[in-house]
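First comes the structure, then the notes that go with it.
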Amino acid sequence: MTAESLFATDLDRTMIFSRNGFGGAEAVAKECVEYYEGEPISYMTTTAITALGELAAIAPVVPTTTRTIEQFQRIALPGAPWRYAITSNGGNILVDGIPDPAWRVAIDDQVNASGATLAEVGTELRSRIDDSWVTKYREADELFCYLVVRPDEVPAGFLAEWDAWCRGNGWSASQQGRKIYTMPDAVCKSLAVAEVRARLIESGELLAGATLFTAGDGALDAEMLKAADAAIRPRHGELEELNFTAPNLTITAASGILAGEEILAWFHGAARRSTVAVGEPV
């Protein structure tokens with residue numbers, strides 16, 4: 001059966017939540033969907049678990065995350081196995097769980113042609129930080145880098161100054177909670193979602209005119225939200241702090257883990273509307 005809609009969704013603080021992200025909904029029934037070194041770290045409400053599994057049964061759903069491949073594979077996300085998943089902020093596309101080498105080669109070529117290398121960016125970034133406010137420097141899937149910081153101790157003006165340097169060299173910087181990401185312009189969720197959509201249409205799994213719906217909470221999700229036919233974001237996170245909006249965008253009433261439920265209810269409504277629209281007589 002050819003699908004009439006496609007759903008691409010961010011994971012952390014959009015679908016899955018740490019204890020710090022519950023938003024006052026500690027008493028709501030929930031289950032752990034991710035363990036790290038034996039410790040439970042990410043949760044979904046039981047309602048959201050059911051809703052995501054049901055959505056994946058009726059339409060293509062593409063988990064779309066800034067997590068590395070390894071970090072993504074830790075999550076027991078309802079609806080799996082995934083025909084497609086996007087990791088590394090769009091730098092990797094997983095096809096039936098396997099990284100697509102052709103996509104990665106194309107991304108690496110674009111990064112190398114468009115600005116500074118990861119090594120150059122890392123060297124410059126490390127020259128600007130110190131241990132008084134940075135707890136970790138990490139490089140992810142040999143694509144981008146990020147800092148884990150003490151948010152209240154980040155020097156005033158650091159992010160703006162670092163982003164300005166990055167934008168002059170084919171990269172950009174953004175902060176989401178305790179992490180400051182430094183990302184090459186070629187590594188973008190929206191580009192990877194467009195590629196997956198094209199492949200699904202070519203294979204006949206998706207109608208050529210299928211509607212794209214997306215969800216996300218961070219600045220790295222903004223282009224993916226704007227590129228959708230309709231999108232939704234939670235009333236929390238970096239985009240909430242930026243007061244981000246767009247003509248195609250819905251904002252949840254709830255924040256925290258209950259926003260995940262609301263996003264999935266919105267997705268289900270969107271799927272029903274797409275089916276009705278496609279089935280209407282011309």
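Sequential numbering from 1 along the given sequence is applied to the chain's residues. Any value given below was found using the heavy atoms of this structure, including those in side chains, with hydrogens, waters and symmetry copies removed.
Within the 3.5 Å criterion, the main-chain N or O of Ile49 finds no donor-acceptor partner in the side chain of Glu31. Looking at Glu120, its side chain does come within 3.5 Å of a backbone N or O of Thr117 through a donor-acceptor pair. Between the side chain of Ser5 and the backbone N or O of Ala210, no donor-acceptor pair lies under 3.5 Å. Of the possible donor and acceptor atoms, none in the side chain of Asn169 sits under 3.5 Å from a partner among the backbone N and O of Gly115. Between the Arg13 side chain and the Gly256 main chain, no donor and acceptor come within less than 3.5 Å of each other. Remark: the backbone N or O of Gln175 is paired with a side-chain donor or acceptor of Glu238 at under 3.5 angstrom. No side-chain donor-acceptor contact under 3.5 Å links Arg67 to the backbone of Arg74. At least one donor-acceptor pair closer than 3.5 Å links the side chain of Arg233 to the backbone N or O of Phe244. A donor-acceptor contact shorter than 3.5 Å links the side chain of Lys30 to the backbone of Ala25. Asp221 contributes a side-chain N or O that, together with a main-chain N or O of Gly218, makes up a donor-acceptor pair within less than 3.5 Å.
The cluster map of Ile, Leu, Val, Met, Phe, Trp and Tyr, joined by side-chain heavy atoms under 4.5 Å apart, puts Met15 and Leu212 in different clusters. In the hydrophobic cluster analysis, where Ile, Leu, Val, Met, Phe, Trp and Tyr join through side-chain heavy atoms closer than 4.5 angstrom, Ile257 is grouped apart from Leu11. When hydrophobic clusters are built by joining Ile, Leu, Val, Met, Phe, Trp and Tyr residues whose side-chain heavy atoms come closer than 4.5 Å, directly or via intermediates, Val121 is grouped together with Leu159. If you chain together hydrophobic residues whose side chains sit under 4.5 Å apart, Tyr181 and Val187 fall into the same group. Taken together through direct or relayed side-chain contacts under 4.5 Å among Ile, Leu, Val, Met, Phe, Trp and Tyr, Tyr35 and Val33 form parts of separate hydrophobic clusters.
Few gaps surround CD on Glu26; more than 12 heavy atoms of other groups in view lie less than 6.0 Å from it. The number of heavy-atom neighbours closer than 6.0 Å to CD of Glu70, taken from other residues, nucleotides and ligands shown, is 12 or below.
Using modelled atom types and a 3.5 Å distance limit, the side chains of Glu34 and Ser42 yield a donor-acceptor pair. A donor and an acceptor atom, one from each side chain of Tyr84 and Arg199, are nowhere located under 3.5 Å apart. Residues Ser18 and Asn20 bring no donor and acceptor atom of their side chains to less than 3.5 Å of each other.
Taking each heavy atom of Ala271 and Leu55 in turn, the nearest pair found is CB-CD1, 4.4 Å. Nearest heavy-atom pair, Ile41 versus Cys32, reported as atom, atom and distance to 0.1 Å: N-SG, 4.1 Å. Closest of all the heavy-atom pairs between Pro63 and Leu77 is CG-CD2, 4.0 Å. Between Ser132 and Glu153, the closest heavy-atom pair is O-OE1, 2.9 Å. Taking every heavy atom of both residues into account, Asp10 and Met224 meet most closely at N-CE, 4.2 Å. Between Tyr146 and Ala140, the shortest heavy-atom distance links the atoms CE2-CB, 4.3 Å.
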Intermediate values then yes/no, side chain to side chain contact (heavy atoms under 4.5 Å, CB included), Arg128 and Trp165: CA-CA 11 Å; Arg128 294 168 177 252; Trp165 184 93; 3.4 Å; yes
Before giving the answer on side chain to side chain contact (heavy atoms under 4.5 Å, CB included), spell out for Asp163 and Ser174 the whole-Å C-alpha distance, their side-chain angles and the decisive distance to 0.1 Å. CA-CA 7 Å; Asp163 183 55; Ser174 64; over 6 Å; no
What's the verdict on salt bridge (charged side-chain N to carboxylate O under 4.0 Å, His left out) for Asp100 and Arg104, showing C-alpha distance, side-chain angles and the deciding distance? CA-CA 7 Å; Asp100 184 294; Arg104 179 55 190 266; over 6 Å; no
Verdict with reasoning, Glu261 to Thr45, per side chain to side chain donor-acceptor pair (under 3.5 Å): CA-CA 7 Å; Glu261 285 189 7; Thr45 69; 2.7 Å; yes
With side chain to side chain contact (heavy atoms under 4.5 Å, CB included) as the test, would you mind laying out the steps for Arg197 and Leu206 before giving the verdict? CA-CA 8 Å; Arg197 185 177 188 276; Leu206 189 68; 3.9 Å; yes
Side chain to side chain donor-acceptor pair (under 3.5 Å) between Ser203 and Glu205: does it pass, once the steps are laid out? CA-CA 6 Å; Ser203 68; Glu205 297 168 75; 2.5 Å; yes
Does Trp82 form a side chain to side chain contact (heavy atoms under 4.5 Å, CB included) with Asp96? I'd like the steps, not just the answer. CA-CA 6 Å; Trp82 304 104; Asp96 296 324; over 6 Å; no
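Among His236, Gln176, Arg235, the single residue meeting the side-chain hydrogen bond (donor to acceptor under 3.5 Å, both in side chains) criterion with Asp217 is Gln176. For the side chain to side chain contact (heavy atoms under 4.5 Å, CB included) with Ile107, the lone residue among Asn112, Leu143, Leu191 that qualifies is Leu143.
To the nearest 0.5 Å, atom CH2 of residue Trp266 and atom CD1 of residue Ile251 are 12.0 Å apart. Put simply, NE2 on His268 and CD1 on Ile263 are 12.5 Å apart, with the number rounded to the nearest 0.5 Å. Distance check: Lys189 NZ to Thr65 OG1 gives 5.5 Å after rounding to the nearest 0.5 Å.
With contacts defined as side-chain heavy-atom distances shorter than 4.5 Å, the pair Thr214/Thr9 does not qualify. Inter-residue side-chain proximity for Asn89 and Met183 is flagged as met; some heavy-atom pair is nearer than 4.5 Å. Between Val196 and Arg83 there is no side-chain heavy-atom pair separated by less than 4.5 Å. For the pair Leu6 and Phe213, the minimum side-chain heavy-atom distance is 4.5 Å or more. Within the 4.5 Å cutoff, side-chain heavy atoms of Thr182 are placed close to those of Leu125. Side-chain contact between Met44 and Phe17 is absent, with no heavy-atom pair separated by less than 4.5 Å. Looking at heavy atoms from C-beta onward, Trp162 lies out of side-chain contact with Trp171 at the 4.5 angstrom threshold. Counting heavy atoms from C-beta outward, Ile86 and Glu195 have side chains that stay 4.5 Å or more apart.
A search for side chain to side chain donor-acceptor pair (under 3.5 Å) contacts involving Ser88 returns Asn92, Asp141, not counting sequence neighbours. The ring pair (Phe, Tyr, Trp, His ring centres under 6.0 Å) search around Phe144 returns none, not counting sequence neighbours. Judged as a ring pair (Phe, Tyr, Trp, His ring centres under 6.0 Å), and not counting sequence neighbours, the contacts of Tyr43 are Phe22.
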